[in-house]
**Student:** 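Mind looking over this structure? Questions follow.
The first residue of the sequence shown is numbered 1, and numbering continues consecutively from there. Since the structure is predicted, the reported quantities are computational estimates derived from the model, not experimental observations. Both counts, for ligands and for their atoms, begin at 1 and track the order of listing.
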Amino acid sequence: MEARPLRLLILGAHPDDAEYHAGGLATIYRESGHVVKMVSVSDGAAGHHALGPGPLAAIRRAEADAAAAVIGATAEVWEYPDGALLPTLALRGRIVREIRSFGPDLVLTHRVYDYHPDHRAVGQAVQDASYLVTVPLVEPEVPALRRDPVVAYLPDAFTRPYPLAGDVVVDVTDRLDTVVRMLACHRCQVFEWLPWLAGVLDQVPRGEIERLAWLRGWYSSIVRPRAERYRQELVATYGEKRGHEIAYTEVFEISQYASPLDDAARKRLFYFLP
Ligand SMILES: [Zn+2]
């Protein structure tokens with residue numbers, strides 16, 4: 001491991017997006033002593049069927065902190081309104097300043113092809129910020145970076161206009177339980193709002209252990225198909241034997257609008273790959 005810890009910045013739209021989409025990679029980074037910061041651009045205050053926005057925002061902030069604490073990461077919940085994000089100049093500027101001041105080696109965010117307008121807005125704002133972080137006269141109060149970080153897109157399953165490219169595939173099978181423990185901290189989401197949305201609120205068990213098992217089943221059923229979808233990439237990365245055995249993977253597409261993932265960057269940022 002190099003002397004300076006790597007710095008991973010995950011810019012998601014909602015307080016549970018970072019864990020949901022990249023909790024495995026975040027766990028691997030923390031296991032190696034690297035620095036992980038998970039930002040929610042929105043306050044999460046639209047995500048409930050029974051709670052009002054004021055109490056909900058406070059709950060979601062506390063839940064984000066608890067989830068980050070599972071792996072020793074930091075969480076930050078910004079104040080932009082949930083369900084109403086736009087890729088404004090103000091948001092772009094905030095992201096430029098965030099990337100400059102945090103100094104990430106790797107930034108993860110949503111693609112602009114996504115079902116959720118908030119995800120698209122954050123993806124667009126990060127895409128727009130990616131080059132501008134090196135331009136000193138943009139947001140001049142925070143010194144510009146000399147080099148872009150590598151920016152990559154979080155996994156999703158959308159196929160139009162094109163599916164996410166499996167530029168980097170990570171075996172997260174052994175981290176699934178940790179990701180589930182992080183997600184379980186977002187109680188008002190995974191045990192209340194999301195089951196309510198899906199019409200299965202009555203199926204959520206009451207006991208803590210049973211709930212965790214239920215959540216594991218729900219989350220793993222969503223992410224399991226990804227390993228088949230990216231089996232070719234998994235085999236190319238991990239070899240015939242392990243590549244075929246991997247059950248859970250996180251997949252990242254490298255943005256063309258920031259630093260390229262050349263061989264040196266791949267070895268540095270994804271040092272744990274064979
Ligand atoms: Zn989200």
Side-chain angles (χ1 to χ4, degrees), residues 8-26 36-49 51 53 56-68 70-71 73-88 91-92 94-95 98 107-129 151-159 163-164 172 179-198 200 215 218-223 226 250-253 255:
L8 169 63
L9 177 65
I10 309 175
L11 289 160
H14 306 111
D16 53 354
D17 279 325
E19 300 88 319
Y20 188 93
H21 299 291
L25 178 63
V36 175
K37 180 173 181 179
M38 307 191 291
V39 170
S40 169
V41 168
S42 88
D43 60 5
H48 209 273
H49 51 291
L51 295 165
L56 186 54
I59 288 169
R60 298 211 65 182
R61 200 170 291 270
E63 289 180 344
D65 285 339
V70 170
I71 58 166
T74 39
E76 201 168 278
V77 178
W78 292 357
E79 70 288 355
Y80 294 88
D82 186 6
L85 287 185
L86 287 171
T88 59
L91 178 56
R92 185 199 295 179
R94 176 81 177 263
I95 288 172
E98 176 63 32
V107 176
L108 301 177
T109 193
H110 306 285
R111 286 203 302 164
V112 294
Y113 312 119
D114 194 290
Y115 80 105
H116 202 303
D118 289 349
H119 295 185
R120 294 200 297 271
V122 173
Q124 185 69 55
V126 174
Q127 187 168 300
D128 294 343
V151 176
Y153 298 113
L154 296 163
D156 65 60
F158 301 103
T159 58
L164 181 96
V172 295
V179 176
V180 170
R181 279 197 292 127
M182 294 172 81
L183 288 173
C185 295
H186 295 279
R187 307 177 66 85
C188 76
Q189 300 298 291
V190 298
F191 300 134
E192 298 172 19
W193 165 239
L194 297 173
W196 183 86
L197 259 186
V200 296
L215 177 59
W218 173 74
Y219 180 69
S220 60
S221 72
I222 292 169
V223 293
R226 200 187 286 149
E250 285 174 1
V251 179
F252 304 98
E253 176 180 320
S255 166

**Student:** Return yes when at least one N/O/S atom of His119 is nearer than 2.8 Å to the Zn ion (ligand 1), and no when none is.
**Tutor:** yes

**Student:** His14: which N/O/S atom is nearest the Zn ion (ligand 1)?
**Tutor:** ND1

**Student:** For the Zn ion (ligand 1), decide whether Asp16 has an N, O or S atom at a distance under 2.8 Å.
**Tutor:** no

**Student:** Is a donor from one side chain sitting under 3.5 angstrom from an acceptor on the other, for Asp156 and His110?
**Tutor:** no

**Student:** Would you check if the side chain of Glu19 reaches a backbone N or O of Met182 as a donor-acceptor pair within less than 3.5 Å?
**Tutor:** no

**Student:** Which heavy-atom pair separates Val77 from Asp43 by the least distance, and what is that distance?
**Tutor:** CG1-CA, 3.8 Å

**Student:** Between Asp114 and His119, do the side chains contain a donor N or O and an acceptor N or O under 3.5 Å apart?
**Tutor:** yes

